[in-house]
A.B. asks: 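Please see the structure below; I have some questions.
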Amino acid sequence: MKRTLRYLVLIILSFMTFFPLLWMITNSFKSTETIMRSPLNLLPDFWDLRNFTGALKLAPFDLYIANSAFTAVIIVILQLFLGILFAYGLYRFKFKGSKVLFNLVLLTYMLPAAATYVPSYVILSKLDLIDTLMGIIVSNAIAVFTIYMLYTSFIQIPKDLIEAAEVDGATNWQILWRVIVPFCKSSILTNALIQFVTMYNNYMWPSLITNSKSKYLISVGLNKFFTSQGNFGENLPLLMAGNTISVLPLLIIFIVLQKYFIKGISDNGVKG
(Lines give C-alpha, C1' and ligand atoms only; values in the text may rest on other atoms or scores of the structure.)
Protein backbone atom coordinates (compact mmCIF):
# COMPACT_ATOMS: atom_id res chain seq x y z
CA MET A 1 0.00 0.00 0.00
CA LYS A 2 2.80 2.40 0.88
CA ARG A 3 4.65 1.60 -2.34
CA THR A 4 1.50 2.13 -4.41
CA LEU A 5 0.84 5.46 -2.70
CA ARG A 6 4.45 6.51 -3.27
CA TYR A 7 4.26 5.69 -6.96
CA LEU A 8 0.95 7.50 -7.28
CA VAL A 9 2.41 10.65 -5.72
CA LEU A 10 5.44 10.46 -8.01
CA ILE A 11 3.26 10.02 -11.09
CA ILE A 12 1.13 13.04 -10.14
CA LEU A 13 4.17 15.21 -9.45
CA SER A 14 5.84 14.07 -12.67
CA PHE A 15 2.75 14.93 -14.69
CA MET A 16 2.50 18.36 -13.04
CA THR A 17 6.13 19.00 -13.93
CA PHE A 18 5.79 17.77 -17.51
CA PHE A 19 2.36 19.31 -18.23
CA PRO A 20 3.58 22.86 -19.11
CA LEU A 21 5.99 21.44 -21.70
CA LEU A 22 3.31 19.17 -23.14
CA TRP A 23 0.82 22.07 -23.21
CA MET A 24 3.32 24.26 -25.05
CA ILE A 25 4.08 21.61 -27.69
CA THR A 26 0.43 20.75 -28.38
CA ASN A 27 -0.57 24.42 -28.55
CA SER A 28 2.04 24.97 -31.26
CA PHE A 29 -0.23 22.85 -33.51
CA LYS A 30 -3.44 24.73 -32.63
CA SER A 31 -5.17 27.84 -33.85
CA THR A 32 -5.74 30.86 -31.63
CA GLU A 33 -9.48 30.19 -31.46
CA THR A 34 -8.98 26.63 -30.24
CA ILE A 35 -6.53 27.69 -27.52
CA MET A 36 -8.87 30.39 -26.24
CA ARG A 37 -11.95 28.14 -26.43
CA SER A 38 -10.45 25.17 -24.55
CA PRO A 39 -7.00 26.03 -23.21
CA LEU A 40 -6.56 22.75 -21.30
CA ASN A 41 -7.43 20.54 -24.26
CA LEU A 42 -4.24 18.78 -25.37
CA LEU A 43 -5.54 17.52 -28.72
CA PRO A 44 -4.19 19.73 -31.54
CA ASP A 45 -6.25 20.98 -34.51
CA PHE A 46 -3.82 19.72 -37.10
CA TRP A 47 -0.49 17.92 -37.34
CA ASP A 48 1.21 20.01 -40.02
CA LEU A 49 3.94 22.57 -39.43
CA ARG A 50 2.15 25.79 -40.42
CA ASN A 51 2.84 27.53 -37.08
CA PHE A 52 6.49 26.44 -37.14
CA THR A 53 7.05 27.71 -40.68
CA GLY A 54 5.28 30.93 -39.75
CA ALA A 55 7.52 31.43 -36.71
CA LEU A 56 10.67 30.77 -38.78
CA LYS A 57 9.54 33.36 -41.32
CA LEU A 58 9.15 35.99 -38.62
CA ALA A 59 12.42 35.30 -36.78
CA PRO A 60 15.67 33.42 -37.63
CA PHE A 61 15.35 30.80 -34.89
CA ASP A 62 17.82 28.56 -36.69
CA LEU A 63 20.47 31.28 -36.35
CA TYR A 64 19.63 31.87 -32.69
CA ILE A 65 19.86 28.14 -31.93
CA ALA A 66 23.17 27.88 -33.80
CA ASN A 67 24.59 30.81 -31.80
CA SER A 68 23.43 29.32 -28.49
CA ALA A 69 24.67 25.82 -29.31
CA PHE A 70 28.05 27.09 -30.54
CA THR A 71 28.73 29.33 -27.55
CA ALA A 72 27.44 26.70 -25.09
CA VAL A 73 29.68 23.95 -26.51
CA ILE A 74 32.82 26.13 -26.47
CA ILE A 75 32.04 27.45 -22.98
CA VAL A 76 31.49 23.95 -21.60
CA ILE A 77 34.79 22.73 -23.10
CA LEU A 78 36.66 25.65 -21.54
CA GLN A 79 34.90 25.29 -18.20
CA LEU A 80 35.68 21.59 -18.02
CA PHE A 81 39.32 21.94 -19.07
CA LEU A 82 40.06 24.83 -16.70
CA GLY A 83 37.89 23.35 -13.95
CA ILE A 84 39.65 19.98 -14.13
CA LEU A 85 43.06 21.65 -13.85
CA PHE A 86 41.98 23.90 -10.97
CA ALA A 87 40.21 21.11 -9.06
CA TYR A 88 43.20 18.81 -9.52
CA GLY A 89 45.51 21.49 -8.19
CA LEU A 90 43.37 21.91 -5.08
CA TYR A 91 43.13 18.15 -4.66
CA ARG A 92 46.76 17.17 -5.17
CA PHE A 93 48.88 20.12 -4.09
CA LYS A 94 48.66 21.13 -0.47
CA PHE A 95 50.25 24.49 0.20
CA LYS A 96 49.91 27.26 2.72
CA GLY A 97 46.65 29.05 2.09
CA SER A 98 45.14 26.35 -0.14
CA LYS A 99 42.02 26.10 2.03
CA VAL A 100 41.69 29.88 2.03
CA LEU A 101 41.95 29.89 -1.77
CA PHE A 102 39.27 27.22 -2.03
CA ASN A 103 36.96 29.15 0.30
CA LEU A 104 37.52 32.34 -1.69
CA VAL A 105 36.58 30.52 -4.88
CA LEU A 106 33.39 29.27 -3.23
CA LEU A 107 32.68 32.75 -1.91
CA THR A 108 32.51 34.10 -5.45
CA TYR A 109 29.70 31.61 -6.10
CA MET A 110 27.65 33.34 -3.39
CA LEU A 111 27.84 36.71 -5.10
CA PRO A 112 24.78 37.84 -7.08
CA ALA A 113 25.46 37.61 -10.80
CA ALA A 114 24.36 41.23 -11.23
CA ALA A 115 27.26 42.36 -9.01
CA THR A 116 29.73 41.25 -11.69
CA TYR A 117 27.97 42.79 -14.69
CA VAL A 118 29.55 46.25 -14.53
CA PRO A 119 33.22 45.16 -14.10
CA SER A 120 32.76 42.38 -16.66
CA TYR A 121 31.23 44.82 -19.14
CA VAL A 122 34.11 47.25 -18.67
CA ILE A 123 36.69 44.48 -19.19
CA LEU A 124 34.98 43.24 -22.36
CA SER A 125 34.72 46.79 -23.61
CA LYS A 126 38.48 47.28 -23.15
CA LEU A 127 39.05 44.03 -25.06
CA ASP A 128 36.66 45.16 -27.84
CA LEU A 129 34.46 42.09 -27.29
CA ILE A 130 31.11 43.80 -26.82
CA ASP A 131 28.43 42.56 -29.23
CA THR A 132 30.44 39.44 -30.13
CA LEU A 133 29.97 35.75 -29.49
CA MET A 134 33.57 35.66 -28.29
CA GLY A 135 32.66 38.09 -25.53
CA ILE A 136 29.96 35.70 -24.30
CA ILE A 137 32.43 32.80 -24.40
CA VAL A 138 35.30 34.59 -22.64
CA SER A 139 33.09 35.99 -19.87
CA ASN A 140 31.77 32.49 -19.04
CA ALA A 141 34.97 30.46 -19.51
CA ILE A 142 35.29 29.59 -15.80
CA ALA A 143 32.52 28.20 -13.58
CA VAL A 144 32.85 27.85 -9.80
CA PHE A 145 30.12 25.20 -9.83
CA THR A 146 32.25 23.06 -12.17
CA ILE A 147 35.33 23.45 -9.98
CA TYR A 148 33.43 22.51 -6.83
CA MET A 149 31.65 19.53 -8.38
CA LEU A 150 34.86 18.12 -9.85
CA TYR A 151 36.77 18.68 -6.64
CA THR A 152 34.19 16.75 -4.62
CA SER A 153 34.45 13.93 -7.17
CA PHE A 154 38.25 13.87 -7.09
CA ILE A 155 38.48 13.54 -3.30
CA GLN A 156 36.35 10.37 -3.42
CA ILE A 157 38.85 8.51 -5.61
CA PRO A 158 40.71 5.79 -3.64
CA LYS A 159 44.19 7.02 -2.80
CA ASP A 160 45.58 3.56 -3.54
CA LEU A 161 45.02 4.17 -7.24
CA ILE A 162 46.95 7.43 -7.15
CA GLU A 163 49.79 5.84 -5.19
CA ALA A 164 49.92 2.89 -7.62
CA ALA A 165 50.20 5.30 -10.54
CA GLU A 166 53.01 7.19 -8.78
CA VAL A 167 54.88 3.92 -8.15
CA ASP A 168 54.63 3.15 -11.87
CA GLY A 169 56.31 6.50 -12.55
CA ALA A 170 53.28 8.42 -13.82
CA THR A 171 53.53 12.20 -13.87
CA ASN A 172 50.84 14.48 -12.50
CA TRP A 173 49.61 15.12 -16.04
CA GLN A 174 49.32 11.36 -16.67
CA ILE A 175 47.64 10.74 -13.32
CA LEU A 176 45.09 13.44 -14.08
CA TRP A 177 44.10 12.34 -17.58
CA ARG A 178 44.65 8.57 -17.32
CA VAL A 179 43.46 7.84 -13.79
CA ILE A 180 41.32 10.61 -12.34
CA VAL A 181 39.39 11.79 -15.39
CA PRO A 182 38.33 8.26 -16.50
CA PHE A 183 37.08 7.48 -12.98
CA CYS A 184 35.10 10.72 -12.85
CA LYS A 185 33.76 10.67 -16.41
CA SER A 186 30.12 10.33 -15.26
CA SER A 187 30.41 13.39 -13.02
CA ILE A 188 32.21 15.28 -15.77
CA LEU A 189 29.49 14.44 -18.28
CA THR A 190 26.77 15.37 -15.79
CA ASN A 191 28.42 18.71 -15.18
CA ALA A 192 28.78 19.22 -18.94
CA LEU A 193 25.05 18.64 -19.44
CA ILE A 194 24.09 20.98 -16.59
CA GLN A 195 26.38 23.74 -17.82
CA PHE A 196 25.33 23.28 -21.44
CA VAL A 197 21.67 23.76 -20.52
CA THR A 198 22.59 26.76 -18.35
CA MET A 199 24.63 28.42 -21.08
CA TYR A 200 22.12 27.54 -23.80
CA ASN A 201 19.35 29.22 -21.77
CA ASN A 202 21.51 32.13 -20.63
CA TYR A 203 19.59 35.37 -21.04
CA MET A 204 20.44 38.33 -18.83
CA TRP A 205 24.15 38.71 -19.53
CA PRO A 206 23.96 38.06 -23.32
CA SER A 207 21.09 40.53 -23.59
CA LEU A 208 23.34 43.22 -22.04
CA ILE A 209 26.36 42.76 -24.30
CA THR A 210 24.76 41.89 -27.66
CA ASN A 211 22.94 44.36 -29.85
CA SER A 212 23.13 42.85 -33.33
CA LYS A 213 20.41 40.43 -34.39
CA SER A 214 23.01 38.10 -35.85
CA LYS A 215 24.60 37.71 -32.39
CA TYR A 216 21.43 36.93 -30.44
CA LEU A 217 21.22 33.73 -28.44
CA ILE A 218 17.95 31.78 -28.48
CA SER A 219 16.77 33.24 -25.16
CA VAL A 220 17.37 36.81 -26.32
CA GLY A 221 15.87 36.05 -29.73
CA LEU A 222 12.74 34.62 -28.14
CA ASN A 223 12.30 37.70 -25.98
CA LYS A 224 12.64 39.97 -29.00
CA PHE A 225 10.19 37.76 -30.90
CA PHE A 226 7.63 38.01 -28.10
CA THR A 227 7.85 41.79 -27.81
CA SER A 228 7.77 42.32 -31.58
CA GLN A 229 4.53 40.40 -32.20
CA GLY A 230 2.24 42.90 -30.51
CA ASN A 231 -1.03 41.21 -29.52
CA PHE A 232 0.03 38.21 -27.46
CA GLY A 233 -3.32 36.41 -27.69
CA GLU A 234 -3.61 36.54 -31.47
CA ASN A 235 -0.06 35.27 -31.97
CA LEU A 236 -0.06 32.67 -29.20
CA PRO A 237 0.34 29.62 -31.53
CA LEU A 238 3.35 31.23 -33.21
CA LEU A 239 4.87 31.99 -29.82
CA MET A 240 4.34 28.40 -28.69
CA ALA A 241 5.92 27.16 -31.91
CA GLY A 242 8.94 29.41 -31.34
CA ASN A 243 9.28 28.08 -27.80
CA THR A 244 9.04 24.48 -29.03
CA ILE A 245 11.74 25.09 -31.63
CA SER A 246 14.03 26.55 -28.97
CA VAL A 247 13.73 23.62 -26.53
CA LEU A 248 13.91 20.87 -29.16
CA PRO A 249 17.75 20.59 -29.09
CA LEU A 250 17.73 20.26 -25.29
CA LEU A 251 15.06 17.55 -25.39
CA ILE A 252 17.05 15.57 -27.95
CA ILE A 253 20.25 15.87 -25.90
CA PHE A 254 18.52 14.79 -22.70
CA ILE A 255 16.81 11.80 -24.33
CA VAL A 256 20.10 10.60 -25.82
CA LEU A 257 22.23 11.18 -22.70
CA GLN A 258 19.77 10.74 -19.84
CA LYS A 259 21.30 7.45 -18.61
CA TYR A 260 24.70 9.13 -18.20
CA PHE A 261 23.11 12.09 -16.44
CA ILE A 262 21.27 9.86 -13.95
CA LYS A 263 24.36 7.72 -13.42
CA GLY A 264 26.50 10.76 -12.69
CA ILE A 265 24.00 12.04 -10.13
CA SER A 266 23.62 8.65 -8.41
CA ASP A 267 27.22 7.54 -8.04
CA ASN A 268 29.23 10.79 -8.30
CA GLY A 269 31.22 9.24 -11.14
CA VAL A 270 33.25 6.92 -8.91
CA LYS A 271 33.33 3.18 -9.44
CA GLY A 272 34.29 0.66 -6.81
A.B. asks: Flag yes if Ile252 and Leu56 sit in one hydrophobic cluster, no otherwise; membership is Ile, Leu, Val, Met, Phe, Trp, Tyr, and two members link when side-chain heavy atoms are under 4.5 Å apart.
C.D. replies: yes
A.B. asks: Do Phe52 and Leu238 come within less than 4.5 Å of each other through their side chains, counting heavy atoms only?
C.D. replies: no
A.B. asks: Side chains of Thr146 and Asn191: is there a donor and an acceptor less than 3.5 Å apart?
C.D. replies: yes
A.B. asks: Between Ser120 and Tyr117 (side chain of the first, backbone of the second, donor and acceptor by atom type, cut-off under 3.5 Å), is there such a pair?
C.D. replies: no
A.B. asks: Going by the angle between their ring planes, with limits at 30° and 60°, are Tyr151 and Phe102 parallel, tilted or perpendicular?
C.D. replies: tilted
A.B. asks: Output the distance between atom OG1 (Thr71) and atom CE (Met199), rounded to the nearest 0.5 Å.
C.D. replies: 9.0 Å
A.B. asks: Any chance you could lay out the side-chain contact (heavy atoms from CB on, under 4.5 Å) test for Tyr88 and Asn172, step after step, and finish with the verdict?
C.D. replies: CA-CA 9 Å; Tyr88 180 74; Asn172 280 306; 2.9 Å; yes
A.B. asks: Looking only at non-hydrogen atoms, find the nearest pair between Ile137 and Ile75 and report the distance.
C.D. replies: CA-CG1, 3.7 Å
A.B. asks: Would you indicate whether Tyr121, at its atom OH, is surrounded by more than 12 heavy atoms from other residues, nucleotides or ligands within a distance under 6.0 Å?
C.D. replies: no
A.B. asks: Do the non-hydrogen side-chain atoms of Gln195 and Leu80 ever get within less than 4.5 Å of each other?
C.D. replies: no
A.B. asks: Can you see which heavy atom on Ser28 is nearest to which on Asn51, and at what distance?
C.D. replies: O-ND2, 2.7 Å
A.B. asks: Where does the angle between the aromatic ring planes of Tyr64 and Tyr216 fall among parallel (under 30°), tilted (30 to 60°) and perpendicular (over 60°)?
C.D. replies: tilted
A.B. asks: Ignoring hydrogens and geometry, is there a side-chain-to-backbone donor-acceptor pair from Gln156 to Ser153 under 3.5 Å?
C.D. replies: no
A.B. asks: Can you see which heavy atom on Asn202 is nearest to which on Leu217, and at what distance?
C.D. replies: O-CD1, 4.1 Å
A.B. asks: May I have the step-by-step check of side-chain contact (heavy atoms from CB on, under 4.5 Å) for Ile84 and Ile188, ending in yes or no?
C.D. replies: CA-CA 9 Å; Ile84 287 172; Ile188 292 173; 4.1 Å; yes
A.B. asks: List the steps and the verdict of side-chain contact (heavy atoms from CB on, under 4.5 Å) for Trp173 and Leu85.
C.D. replies: CA-CA 10 Å; Trp173 188 259; Leu85 295 180; 3.9 Å; yes
A.B. asks: Would you say that more than 12 heavy atoms from the other residues, nucleotides or ligands in this model lie under 6.0 Å from the OH of Tyr7, or not?
C.D. replies: no
A.B. asks: Do other residues, nucleotides or ligands put more than 12 heavy atoms under 6.0 Å from the CG atom of Asp128?
C.D. replies: no
A.B. asks: Once you round to the nearest 0.5 Å, how far does CD1 of Ile74 lie from CD1 of Ile136?
C.D. replies: 13.0 Å
A.B. asks: Which heavy atom of Ala69 sits nearest to which heavy atom of Phe196, and what is that distance?
C.D. replies: O-CE1, 4.1 Å
A.B. asks: Any donor and acceptor pair, going by atom type alone, linking the side chain of Ser68 with main-chain N or O of Ile218 inside 3.5 Å?
C.D. replies: yes
A.B. asks: I'd like to know if the side chain of Asn27 reaches the main chain of Trp23, judged simply by a donor and an acceptor atom lying under 3.5 Å from each other, with no hydrogens or angles considered.
C.D. replies: yes
A.B. asks: Give the minimum heavy-atom separation between Ile147 and Ala87, together with the two atoms involved.
C.D. replies: O-CB, 3.8 Å
A.B. asks: Within the structure provided, determine whether Met24 and Val247 are in side-chain contact (heavy-atom separation under 4.5 Å).
C.D. replies: yes
A.B. asks: State the CE-CG distance between Met204 and Asn223, to the nearest 0.5 angstrom.
C.D. replies: 9.5 Å
A.B. asks: Looking at CG of Leu176 and CZ of Arg92, how far apart are the two atoms once the value is rounded to the nearest 0.5 Å?
C.D. replies: 10.0 Å
A.B. asks: Is Leu150 linked to Leu107 within one hydrophobic cluster, defined over Ile, Leu, Val, Met, Phe, Trp and Tyr using a side-chain heavy-atom separation of less than 4.5 Å?
C.D. replies: no
A.B. asks: Would you compute the distance between atom OH of Tyr200 and atom CZ of Phe70 and round it to the nearest 0.5 angstrom?
C.D. replies: 15.0 Å
A.B. asks: Within the structure provided, determine whether Leu161 and Ile175 are in side-chain contact (heavy-atom separation under 4.5 Å).
C.D. replies: no
A.B. asks: Quick check: do Leu13 and Val9 have side-chain heavy atoms less than 4.5 Å from each other?
C.D. replies: yes
A.B. asks: With side chains defined as the heavy atoms from C-beta onward, is the minimum distance between Ser219 and Asn201 less than 4.5 Å?
C.D. replies: no
A.B. asks: Report whether Phe95 and Ile162 are members of the same hydrophobic cluster (ILVMFWY, side-chain heavy atoms less than 4.5 Å apart, transitive linking).
C.D. replies: yes
A.B. asks: Are the side chains of Thr198 and Phe145 in touch, meaning some heavy atoms are under 4.5 Å apart?
C.D. replies: no
A.B. asks: Just by distance, do the side chain of Ser98 and the backbone of Lys94 share a donor-acceptor pair under 3.5 Å?
C.D. replies: no
A.B. asks: Please step through side-chain contact (heavy atoms from CB on, under 4.5 Å) for the pair Tyr148 and Val105, ending with a clear verdict.
C.D. replies: CA-CA 9 Å; Tyr148 177 74; Val105 171; over 6 Å; no
A.B. asks: If only side-chain N and O atoms count, and only distance matters, is there a donor-acceptor pair under 3.5 Å linking Thr34 with Ser31?
C.D. replies: yes
A.B. asks: With the side chain counted from C-beta on, respond yes when Ile65 and Asp62 share a heavy-atom pair under 4.5 Å apart, and no when they do not.
C.D. replies: no
A.B. asks: About how many Å separate OG1 of Thr17 and CG of Leu22, when rounded to the nearest 0.5 Å?
C.D. replies: 12.5 Å
A.B. asks: Do Asp131 and Ser212 pair up side chain to side chain, a donor and an acceptor below 3.5 Å, judged on atom types alone?
C.D. replies: yes
A.B. asks: Might you confirm whether atom CZ of Arg178 has over 12 heavy atoms from other residues, nucleotides or ligands at distances under 6.0 Å?
C.D. replies: no
A.B. asks: For a quick test of reading the model, state the closest non-hydrogen atom pair linking Phe61 to Gly242 and the distance between them.
C.D. replies: CZ-CA, 3.9 Å
A.B. asks: What do you reckon, is NZ of Lys57 surrounded by more than 12 foreign heavy atoms closer than 6.0 Å?
C.D. replies: no
A.B. asks: Has the side chain of Gln79 got a donor or acceptor atom that lies under 3.5 Å from a matching backbone atom of Asn140?
C.D. replies: yes
A.B. asks: Given the rule that I, L, V, M, F, W and Y join up when any side-chain heavy atoms are under 4.5 Å apart, are Phe93 and Ile180 in one cluster?
C.D. replies: yes
A.B. asks: Is Val256 linked to Leu193 within one hydrophobic cluster, defined over Ile, Leu, Val, Met, Phe, Trp and Tyr using a side-chain heavy-atom separation of less than 4.5 Å?
C.D. replies: yes
A.B. asks: Could you label the plane-to-plane angle of the Phe19 and Phe15 rings as parallel, tilted or perpendicular, counting under 30° as parallel and over 60° as perpendicular?
C.D. replies: tilted
